[in-house]
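Worksheet for the structure shown next.
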Amino acid sequence: MSRHSAASSPVPVELSPERRLAAAVERYGQRDVVTLALSLLAGNHESEEFLLYVGGAHAQGILDGAPVLYWPELWGARALLHVWDDSVIDDSARALMIGALSNSAWRVREMAARLVAARNLAATTKLVALLGDEVPRVRAAAATALSTLGSADHIDALRALLKDPEIEVRRATQRSLDALRKRTAKN
């Protein structure tokens, strides 16, 4: 790993993820950014420069020797929230994104729930399973995703979370139930 500083980097690490990803699209092109993000999500190593685009200053810390852990996978999933190219997204890419719902790192599971909802990926069975996740933020993200992807059949599973010990899970669940009921009432 390189020992260059963020100040000497041509990558605008200080920008928000959205703006860094827009800069990455200018640098690499939309198709390549999506391909590289999918590769990160799959656990592959990509260039240090691309890590700086997706991870910002935090990525610089990793390049300077901090533990990598699950961060590149998380950044790959987050990048796919902002950059998309249907020509790159095939069944294996969809399976990879849905598979991230089972990642051992809770932050990746949480981001994957947001991703499958944002990209309308068929993952309701896995999302229902995540309603019982040990991490409250993952339970809340799964409930939120079901408000977009779920059907009236998921209302009972969501309703059970209204008694969750964590208030943020209960709040996310109530918002999800309200949205799901409204959306399914129109059908």
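Here, residue 1 is the first one in the sequence, and each next residue gets the next number.
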**OP:** Show your reasoning for whether side chain to side chain contact (heavy atoms under 4.5 Å, CB included) applies to Val88 and Gln30.
**Re:** CA-CA 10 Å; Val88 178; Gln30 186 166 322; over 6 Å; no
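- Taking hydrophobic clusters as Ile, Leu, Val, Met, Phe, Trp and Tyr residues chained together by side-chain heavy-atom distances below 4.5 Å, Val116 shares a cluster with Leu81.
- To the nearest 0.5 angstrom, Leu115 atom CG is 5.5 Å from Leu80 atom CG.
- Sparse packing is recorded around CZ of Arg19, with 12 or fewer heavy atoms of other residues, nucleotides or ligands lying under 6.0 Å away.
- Put simply, the side chain of Leu177 reaches to within 4.5 Å of the side chain of Leu162, judged on heavy atoms.
- With contacts defined as side-chain heavy-atom distances shorter than 4.5 Å, the pair Leu158/Leu146 qualifies.
- Between the CD1 atom of Ile155 and the OG1 atom of Thr184 there is a distance of 4.5 Å, given to the nearest 0.5 Å.
- Using a cutoff of 4.0 Å between basic side-chain nitrogens and carboxylate oxygens, Glu168 and Arg171 are scored as salt-bridged.
- Within a 6.0 Å sphere centred on CZ of Arg119, other residues, nucleotides and ligands contribute more than 12 heavy atoms.
- The shortest non-hydrogen separation linking Val128 to Ala157 is CG1-CB, 4.3 Å.
- Going from atom CG of Leu149 over to atom NE2 of His154 covers 9.0 Å, rounded to the nearest 0.5 Å.
- Of all non-hydrogen atoms in Arg139 and Asp133, the two that sit nearest each other are NH1-O, 2.8 Å.
- Scanning all heavy atoms of the two residues, the minimum distance from Ala122 to Ile98 falls at O-CD1, 3.3 Å.
- No side-chain donor-acceptor contact under 3.5 Å links Arg175 to the backbone of Thr144.
- Looking only at side-chain heavy atoms (C-beta outward), Val169 and Pro136 come within less than 4.5 Å of each other.
- Residues Val34 and Leu38 meet the side-chain proximity criterion, which asks for heavy atoms closer than 4.5 Å.
- By the rule that hydrophobic residues join a cluster once side-chain heavy atoms approach within less than 4.5 Å of another member, Ile62 and Tyr70 end up as members of one cluster.
- Using a 4.5 Å cut-off on side-chain heavy atoms (C-beta onward), Leu51 and Leu40 make contact.
- Judged by distance alone, with hydrogens and angles left aside, the side-chain atoms of Ser39 form no donor-acceptor pair with the main-chain N or O of Asn44 at under 3.5 Å.
- In this structure a side-chain-to-backbone donor-acceptor pair under 3.5 Å is present from Arg183 to Ser147.
- Leu52 contributes atom CG, which lies 8.5 Å from atom OG of Ser47 (distance to the nearest 0.5 angstrom).
- When side chains are defined from C-beta on, Ile89 counts as touching Arg94, because their heavy atoms get closer than 4.5 Å.
- A donor-acceptor pair is defined here as one N or O able to donate and one able to accept, closer than 3.5 Å; no such pair exists between the side chain of Arg170 and the backbone of Lys163.
- Remark: side-chain polar atoms of Arg109 are not paired, donor with acceptor, to backbone N or O of Ala100 under 3.5 angstrom.
- If you take CG on Leu36 and CD on Glu46, they are separated by 5.0 Å, rounding to the nearest 0.5 Å.
- Closest heavy-atom contact between Gly150 and Leu180: O-CD1, 3.4 Å.
- Note that CZ of Arg107 is 4.0 Å distant from CH2 of Trp71, once rounded to the nearest 0.5 Å.
- In this structure, Val33 and Phe50 approach most closely via the heavy-atom pair O-CZ, 3.9 Å.
- Classification of Arg27 and Glu49 as a salt-bridged pair holds, one side-chain N sitting under 4.0 Å from a carboxylate O.
- One side chain, Arg31 or Ser87, offers a donor N or O that lies under 3.5 Å from an acceptor on the other.
- When all heavy atoms of Gly99 and Lys126 are compared, the pair lying nearest together is CA-NZ, 4.4 Å.
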